[in-house]
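One structure is given below, represented as structure tokens, and several questions about it will come after.
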Amino acid sequence: MSIGDSPSLIARANIMGFTTISVLPPPPPSYFLGYTLPSGHPCNSFTLPPPPADKKRTGPRPCPVCYLPMDEAIALVPKFPSPSPVLKNLTFIYEETLIRDGEFGGSDFGGFPTLRQRNESFDIRESMSVHCGFVRGTKPGRNTGFDMDEDDLLEMEQCHGVVVASAIFGNFDEINEPTNISDYSKETVCFLMFVDEETEKYLRSSGRLGTSKKIGLWRIIVAHNLPYTDARRTGKIPKLLLHRMVPNARYSIWLDGKLELVVDPYQILERFLWRKNATFAISKHYRRFDVFVEAEANKAAGKYGNASIDFQIDFYKNEGLTPYTEAKLPLISDVPEGCVIVREHVPISNLFTCLWFNEVDRFTSRDQISFSTVRDKLLSRVDFHFLMFLDCERRNFVVQKYHRDILERLAAPVDVALSPPPPVETLPEKVVRRGPGRRGRDRRPGSRRHRKVVAGGRDINMEANYTVLFV
């Protein structure tokens, strides 16, 4: 007999001979709330040194990062998930029959959420259901667009801990093998490389991909029935919707296809998530920190149609987007270097990437333009433990390589047409006087005499020195 825990009722029940069972409330859920390293730990006193004084190199560069040794990082893996403020239950919308009501943007894959649904998705509640890609079909990757083989879907379901993911579409990059990976990570981390059929064909014809579906540590997962013709937009699916495809994973590290991972995943997670008590971490852009400047740079580089970029910026301006100022501190930038994302798969961070993807689906594929709008709308309602770190720290754990077309040009032999020399007697007698060599500002425009190009090296000509990151 259950009678509650009132003392008078319990005493009366004992007199009457009943056996009393106190009904206790369930224990509160356990959460990871961060930690501090022991006093005297070397990382507590670590400070970022100034960059080396190398006048020949003015581009961005890596800076030192204080990682914990592998055994310490593994020992600090949280036993419980981080709290998800306000939002506890997040589900995703499935629609077999899609209705487009005439509003702009969207796709069959994204489900054409209305502007009203978009605005309501920023109103954080305890239970929410939002558009998040894969809207048709009962399971992401199965008749939804961006379809995957059944054995690949089963493989991804077995990822219960850490996932490192990347993608190559349009055969745009070479596959870069991670280095400095511990035996523990090789056994416990899922390394997933998503490719399209064009890239798969190249990998098989080159002999790199066999029946095992493995290239080094990478499990190669081929996506079929791609929902977009734009490879860059398609790449945003595994980048932002990874939690839909690996539903049991706790943490993930996303890398663009051009990057090589050179630090162990557990050391990265400890440094940028657990030690900072963060659930989402991304680096700032190496040079730009204002969305308006970023939009103009995209237009100048021909990254997307100018009219589409202008339309997106004007829409955000009407919603209240303003240029970045120091009033936004401690947020250090409105523009991310989005090629790396480190996150924990808890409801609030999953919501963030869902809504970020919805902006990419509705507007342009340039996710750096839509990033701050989604981030600021969520942060105005809840604190979801967001971390933005320096770009030079990102460059510490990934090495940026060239895209395939540049690598092929660098590797191509130079054809030199040799013609037979004229007869000796026909050569005019001429005294050639050699003047002083061209130096400094007098050097011929476009001269590359002192420019050294190394395949796989960092691009040092288009980026600013990491010292500007402290401004």
Side-chain angles (χ1 to χ4, degrees), residues 23-39 41 43-44 66-68 70-92 121-130 132 157-165 184-185 188-190 240-254 264-282 330-331 340-356 374-389:
V23 179
L24 300 176
S30 298
Y31 292 114
F32 171 71
L33 301 176
Y35 54 77
T36 56
L37 297 177
S39 177
H41 193 285
C43 286
N44 286 337
C66 192
Y67 301 107
L68 295 190
M70 267 301 299
D71 55 346
E72 293 185 33
I74 294 172
L76 289 172
V77 175
K79 294 180 176 59
F80 304 104
S82 298
S84 178
V86 180
L87 178 61
K88 308 303 179 191
N89 304 300
L90 180 64
T91 57
F92 310 109
S121 67
F122 292 108
D123 182 17
I124 312 300
R125 302 175 298 279
E126 183 174 352
S127 295
M128 298 179 64
S129 184
V130 298
C132 193
E157 286 183 358
Q158 308 309 311
C159 299
H160 288 83
V162 178
V163 173
V164 175
Y184 183 81
S185 290
T188 61
V189 175
C190 292
L240 301 180
L241 305 185
L242 191 60
H243 60 282
R244 301 289 323 266
M245 296 185 281
V246 283
N248 300 315
R250 294 186 62 193
Y251 303 96
S252 68
I253 300 173
W254 166 263
D264 192 271
Y266 286 97
Q267 292 177 297
I268 296 171
L269 290 167
E270 190 285 324
R271 171 60 180 79
F272 295 101
L273 287 191
W274 308 332
R275 198 188 310 173
K276 299 293 183 178
N277 195 20
T279 57
F280 188 96
I282 192 169
L331 295 175
V340 169
I341 296 176
V342 185
R343 67 184 179 114
E344 182 179 2
H345 292 199
V346 292
I348 193 65
S349 66
N350 293 341
L351 175 67
F352 173 65
T353 54
C354 284
L355 303 188
W356 190 7
V374 179
R375 178 200 65 185
D376 293 351
K377 284 179 178 291
L378 292 187
L379 285 178
S380 68
R381 293 164 172 82
V382 296
D383 177 13
F384 67 100
H385 293 190
F386 171 87
L387 173 66
M388 192 170 234
F389 54 93

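Residue numbers start at 1 and run along the sequence shown. Just so you know, these numbers use all the heavy atoms, side chains as well, and skip hydrogens, waters and symmetry mates.
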>> As a quick check of understanding, evaluate side-chain contact (heavy atoms from CB on, under 4.5 Å) for Leu355 and Leu378, giving each step before the final call.
In response: CA-CA 10 Å; Leu355 303 188; Leu378 292 187; 4.1 Å; yes
> Between Thr188 and Val162, is there a donor-acceptor pair closer than 3.5 Å when you use the side chain of the first and the backbone of the second?
Replying inline: no
> At their closest point, which heavy atom of Phe384 faces which heavy atom of Ile348, and how far apart are they?
Replying inline: CB-CG1, 3.3 Å
>> Test: salt bridge (charged side-chain N to carboxylate O under 4.0 Å, His left out). Region: residues 70-86. Which pairs qualify, not counting sequence neighbours?
In response: none
>> Any heavy-atom pair between the side chains of Ile124 and Leu351 that's under 4.5 Å?
In response: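 Leu351 reaches Ile124 side chain to side chain.
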>> As an exercise, state the distance from CG of Leu68 to CZ of Arg271, rounded to the nearest 0.5 Å.
In response: 9.5 Å
> Is there a donor-acceptor pair under 3.5 Å between the side chain of His160 and the backbone N or O of Gln158?
Replying inline: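 At least one qualifying donor-acceptor pair exists.
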>> For Lys276, is the NZ atom crowded, meaning more than 12 foreign heavy atoms sit under 6.0 Å from it?
In response: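 Counting neighbours around NZ of Lys276, 12 or fewer heavy atoms of other residues, nucleotides or ligands fall under 6.0 Å, so no.
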> Once you round to the nearest 0.5 Å, how far does CG of Asn277 lie from CZ of Phe32?
Replying inline: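 The distance works out to 6.0 Å.
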> What's the shortest heavy-atom distance between Val164 and Pro265, and which atoms?
Replying inline: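 Smallest interatomic distance, heavy atoms only, reads CG2-CG, 3.8 Å.
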> Of all residues at least two apart in sequence or in a different chain, which pass the ring pair (Phe, Tyr, Trp, His ring centres under 6.0 Å) check with Tyr251?
Replying inline: Trp274
> Does some side-chain heavy atom of Leu240 sit less than 4.5 Å from a side-chain heavy atom of Trp254?
Replying inline: no
> Is the closest basic N to carboxylate O distance between Lys88 and Glu126 below 4.0 Å?
Replying inline: no
> Between CD1 of Ile74 and CG of Leu269, what distance do you get to the nearest 0.5 Å?
Replying inline: 11.5 Å
Tabulate below the donor-acceptor pairs under 3.5 Å that side-chain atoms of residues 241-250 make, not counting sequence neighbours, or state none.
residue	atom	partner	partner atom	Å
His243	ND1	Arg343	NH2	3.0
Arg244	NH1	Cys132	O	2.9
Arg244	NH1	Gly133	O	3.1
Arg244	NH2	Tyr94	OH	3.0
Asn248	ND2	Glu157	O	2.9
Arg250	NH1	Pro78	O	2.9
Arg250	NH2	Pro78	O	3.0
Arg250	NH2	Phe80	O	3.3

>> Rounded to the nearest 0.5 Å, what separates atom CG in Asn350 from atom CZ in Phe92?
In response: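 The distance works out to 5.5 Å.
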> Mind checking what makes ring pair (Phe, Tyr, Trp, His ring centres under 6.0 Å) contact with Tyr67, not counting sequence neighbours?
Replying inline: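 Partners of Tyr67 under the ring pair (Phe, Tyr, Trp, His ring centres under 6.0 Å) test: none.
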> Between Leu379 and Leu331, does a side-chain contact (heavy atoms from CB on, under 4.5 Å) hold up when you go through it step by step?
Replying inline: CA-CA 11 Å; Leu379 285 178; Leu331 295 175; 4.1 Å; yes
> Taking only residues two or more places apart in sequence, or in another chain, which ones meet Ser129 in a side chain to side chain contact (heavy atoms under 4.5 Å, CB included)?
Replying inline: Thr91, Ile93
>> Please report the interatomic distance CZ(Arg381) to CG(Asp376), rounded to the nearest 0.5 Å.
In response: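 Going from CZ on Arg381 over to CG on Asp376, the span is 11.0 Å.
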> Can you name the closest pair of heavy atoms from Ser84 and Pro347 and give their distance?
Replying inline: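 For Ser84 and Pro347, the tightest heavy-atom pair comes out as OG-CB, 3.5 Å.
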> Who pairs with Ser127 by side chain to side chain donor-acceptor pair (under 3.5 Å), at least two apart in sequence or on another chain?
Replying inline: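 Ser127 satisfies side chain to side chain donor-acceptor pair (under 3.5 Å) with Asn89 once adjacent residues are dropped.
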> Closest heavy-atom contact between Cys66 and Arg275?
Replying inline: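 Residues Cys66 and Arg275, closest heavy atoms: O-NH2, 2.9 Å.
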>> I'd like to check Phe280 versus Val342 (side-chain heavy atoms, cut-off strictly below 4.5 Å). Are they in contact?
In response: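 Result no, sub-4.5 Å side-chain heavy-atom pair not found.
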> side chain to side chain donor-acceptor pair (under 3.5 Å) with Asn44: which residues, sequence neighbours excluded?
Replying inline: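 By the side chain to side chain donor-acceptor pair (under 3.5 Å) rule, Asn44 matches no residue at all.
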> Step by step, would you call Val374 with Phe122 a side-chain contact (heavy atoms from CB on, under 4.5 Å)?
Replying inline: CA-CA 8 Å; Val374 179; Phe122 292 108; 4.1 Å; yes
> Excluding sequence neighbours, so at least two apart, what forms side chain to side chain donor-acceptor pair (under 3.5 Å) with Tyr31?
Replying inline: none
>> Going by the rule side chain to side chain donor-acceptor pair (under 3.5 Å), which residues pair with Ser82 if we only count those two or more places apart in sequence or in a different chain?
In response: Glu344
>> Just verifying a value: how many Å separate Ile268 CD1 and Ile253 CD1, rounded to the nearest 0.5 Å?
In response: 4.5 Å
> Do the side chains of His385 and Asp383 get nearer than 4.5 Å, heavy atoms only?
Replying inline: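 Result yes, sub-4.5 Å side-chain heavy-atom pair found.
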>> Within the structure provided, determine whether Tyr266 and Ser185 are in side-chain contact (heavy-atom separation under 4.5 Å).
In response: yes
> Taking only residues two or more places apart in sequence, or in another chain, which ones meet Arg125 in a salt bridge (Lys or Arg N to Asp or Glu O under 4.0 Å)?
Replying inline: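 Once residues adjacent in sequence are excluded, the partners of Arg125 under the salt bridge (Lys or Arg N to Asp or Glu O under 4.0 Å) criterion are Asp123.
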